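Below: the structure, in C-alpha cells.
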There are 2 protein chains.
Amino acid sequence: MTRVLVVEDEPALRQALAINLRARRYEVPVAATGAEALTAAAQAPPDVVVLDLGLPDMDGTEVIRGLRGWTQAPIIVLSARSGQSDKVDALDAGADDYVTKPFGMDELLARLRAALRRATPDEATPLVETAHFTIDLAAKLAKTTNGPVRLTPTEWHLLEVMIRDEGKLVPQRRLLQEVWGPTYETETNYLRVYMASLRRKLEADPAHPLHLITEPGMGYRFDRHGPDGEPRTGG
Amino acid sequence: MTRVLVVEDEPALRQALAINLRARRYEVPVAATGAEALTAAAQAPPDVVVLDLGLPDMDGTEVIRGLRGWTQAPIIVLSARSGQSDKVDALDAGADDYVTKPFGMDELLARLRAALRRATPDEATPLVETAHFTIDLAAKLAKTTNGPVRLTPTEWHLLEVMIRDEGKLVPQRRLLQEVWGPTYETETNYLRVYMASLRRKLEADPAHPLHLITEPGMGYRFDRHGPDGEPRTGG
DNA sequence: CCTGGCCGTTAAGGACGCGTCAAGATTGGG
DNA sequence: CCCAATCTTGACGCGTCCTTAACGGCCAGG
C-alpha cells in the first residue's frame, strides 16, 4: 500500500487529511512536529510526504532538507504564506509542490496523484514463472534454468496471446487471427511450426511439453503449473 | 541546453516568459495555439513545457494528452481559472504542476527548477558501469578502459532513454519518438546509424556488442552485465 | 491389419531488417 | 567568410526471420 506521511501541527486539519487519505486506501502515518516527522519517516519510509511549513519546533525548509538527505520521495508543501520567496525557498530546498492554504481536498489529492505518478514508474513487471522457465512480457525477457533465451517477434506475440488467457484453452482460430491477422484463420501450419519453436526454446523436454499444451482438434493452452501428477507414460 | 516550450496565446505574457527564461540560459521555442504547440514539440522535443490552458483553438487537456502520448517531459500548466475541478482535470490528464494567474515569475522559475530536478536522471542513475565502459548521465561523462570518450548530444539522448529502462526491451518507435519526436516514428535508419556510433565508441568489439543489444524486428536493449557466458574468441 | 486425419519436425527459399560506409546539408564559432 | 563538428540521407552486403512444403508418428475407426 502507498504510504503518505502527513506532517501538520493543527489537529483539525491533520485529522481531516488523514481521514480523506485513508478513505483513498493510503496508509497514513501522521506527525505534529518536524522532529516527529523525521522520526516517523525514518521508522517507515514514506512514498510521499505532505508537509506543513508552519511547524512549531523547526523551520520547514530544515525538515525538507532533513528528508532530502536520504529519501527521494516527493514532498508536497502546505503553507498559509503565499509570498513568492517562501515558495521559492521551499521548492529550491527540495520540495516538489507548494499548495497555499486554504486549499481544496480534491486539488491536494490530484497533486498527490501527480507526484506519485512521476515517482513510481517501475515497481512490478508482471512475471510468469514455471518450473523450468520465466517470462517477462513487458521487458521481453525469457530465460530457462539453462540461461537466457531469445524469442522472435512472432514467437513473443503468440506466447503473449496464450499467456493472456493463461490456463484456458485458446482456439486455433483466435491464435491465428490475433497473431497473423484475420486472413490466416485456416493456416494451422503456422501454429504447429511456431509452437514447436517455442517448446524447443522453453520446455525442458520439447517432445513432452508441460506448459505449452496441445488440445487436439481445438487449440492450445498455457499452463503455468504443469500437469498435477507425473506425465502419463503408458496409460 | 535545456529546452522550455512556452505555449501562451497572449502576446505580452508570451514575450515576458520567453525573455525571462532566455535570460536564465534556457532555449525557448514559443507557440500561440495548441496546434502550434504540438507541432513545435514534435519538431524539437522539449525538456519541459509551460502551457497556458486557455488557448483559442483547442482544450488544454487535449494538448496535455497530445504531448503525453509520446513524451514524459514535465508539463507546468498556467491558468486564469482557479476552480478545483480545472486543476484536478489538468493534473489527472498528465500535467505535473498547476499555477494560477496571476503568478510571480520567481515562483514559476522555482517550480520549473523543481520539475527539471525531478526529470534529470541524476537522482536515480548516478553511475552505470559495465565490464568495458562507465557512463555518468548526470555529469555527461563516458569512459572506456581505453580512456574517456566524447559523445554527441543525440548519442547521449539515445543512450539515456535506453539506460532509463535498463534491462528492458525498448521498442524502436519509443526510441525514435523520445529522441527525435513523434514525426520520426518510422525513420529506423537513424537508430541504426546512432546505435552503430555508440557501439563504436563504447563497446570493446563493436561488431559483437555485449551491452547495446539489438532485438531484431522489435527494438534495442541496454544490458549492464552482458550475456551470461564469456564471448567466444575462436568463432 | 489397413486407412485417413491431425500433429510435430525439419529444411529450403525469399523477403525484410540490420550494420556499415560515405557524401551532402546544417549548425555554431572564429 | 571559412572551418569543424554534427546531423541527415542514400546505397549496399549480409544475416535473421517468416513462409511454405514435405515427411513421419500417433490415434481412431473400419
Side-chain angles (χ1 to χ4, degrees), chain A residues 140 142 149-159 169-173 175-176 178-181 183-221 231-235, chain B residues 1 3 25 27 29 42-45 140 142 149-159 162 169-173 175-176 179-181 183-203 205-221 235:
Chain A
K140 292 281 187 293
V149 172
R150 286 175 46 97
L151 304 182
T152 71
T154 306
E155 287 162 0
W156 277 111
H157 202 165
L158 182 59
L159 189 60
L169 169 77
V170 186
Q172 296 173 340
R173 189 179 306 159
L175 290 170
L176 288 164
E178 293 212 29
V179 178
W180 282 272
T183 60
Y184 291 76
E185 265 188 21
T186 59
E187 301 285 340
T188 56
N189 237 324
Y190 292 8
L191 290 181
R192 293 204 294 278
V193 170
Y194 277 90
M195 207 59 71
S197 179
L198 280 174
R199 295 206 260 238
R200 188 172 347 129
K201 291 181 180 179
L202 295 177
E203 293 273 6
D205 181 3
H208 303 96
L210 301 177
H211 308 287
L212 298 165
I213 311 296
T214 302
E215 300 284 357
M218 303 195 291
Y220 293 85
R221 183 163 50 88
R232 311 285 178 86
T233 52
Chain B
M1 198 181 345
R3 185 180 297 136
R25 304 287 174 186
E27 182 186 339
Q43 228 169 8
K140 291 281 184 291
V149 171
R150 193 180 157 73
L151 302 183
T152 71
T154 305
E155 287 163 0
W156 276 113
H157 202 164
L158 182 59
L159 190 60
M162 292 187 62
L169 171 84
V170 186
Q172 298 170 341
R173 190 177 307 157
L175 291 170
L176 288 164
V179 177
W180 283 273
T183 60
Y184 291 77
E185 260 188 27
T186 58
E187 300 286 340
T188 57
N189 239 322
Y190 292 7
L191 289 181
R192 295 206 293 278
V193 170
Y194 277 89
M195 206 59 69
S197 178
L198 281 174
R199 295 207 259 238
R200 191 165 47 246
K201 292 181 179 180
L202 295 176
E203 293 272 5
D205 180 3
H208 303 97
L210 300 177
H211 307 287
L212 299 167
I213 310 297
T214 302
E215 300 284 356
M218 300 190 291
Y220 293 84
R221 182 197 311 274

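Below, read A as the first sequence line, B as the second, and so on, with proteins coming before strands; counting in each chain starts at 1. Keep in mind that what you see is a predicted model, and the values were worked out from it rather than measured.
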Within this structure, what is the [atom1]-to-[atom2] distance between [X] and [N], rounded to whole angstrom?
X        : N      : atom1 : atom2 : answer
A:Arg199 : C:dT10 : CZ    : P     : 13 Å
A:His208 : C:dT9  : NE2   : C1'   : 14 Å
A:Met218 : C:dC6  : CE    : C1'   : 13 Å
A:Leu212 : C:dG8  : CG    : P     : 11 Å
A:Ile213 : C:dC7  : CD1   : C1'   : 14 Å
A:Leu198 : C:dG8  : CG    : P     : 12 Å
A:Glu215 : C:dG8  : CD    : C1'   : 16 Å

Contacts of [X] that satisfy side-chain hydrogen bond (donor to acceptor under 3.5 Å, both in side chains) - sequence neighbours left out:
X        : result
B:Arg3   : B:Glu27
B:Glu185 : B:Gln177
B:Glu187 : none
B:His208 : B:Asp205

Item to check | Ring centroid separation B:Trp180 to B:Tyr194 under 6.0 Å | outcome: yes
Next on the checklist: Treating B:Arg221 as the side-chain partner and B:Val170 as the backbone partner, does any N or O pair qualify as donor plus acceptor under 3.5 Å?
Outcome noted: no
Next on the checklist: How close do B:Gln172 and B:Thr188 get, counting heavy atoms only, and between which atoms?
Outcome noted: OE1-CG2, 3.7 Å
Checklist entry - For every nucleotide of nucleotides 8-30 of chain D, 5' to 3': is a protein heavy atom under 4.0 Å from its base (B), only from its sugar-phosphate (S), or from neither (-)? => result BB-------SBBB----------
Next on the checklist: For the residue pair B:Ser197 / B:Arg192, report whether a side-chain donor-acceptor contact shorter than 3.5 Å exists.
Outcome noted: no
Checklist entry - Distance check: side-chain N/O of A:Gln172 vs OP1/OP2 of C:dC6, anything under 4.0 Å? => result no
Checklist entry - Contact class for A:Thr188 vs. all strands (heavy atom < 4.0 Å): base, sugar-phosphate, or nothing? => result nothing
Item to check | Check: B:Met195 and B:Met162 side chains under 4.5 Å, non-hydrogen atoms | outcome: yes
All N/O pairs under 3.5 Å across the protein-nucleotides 27-30 of chain C interface:
none

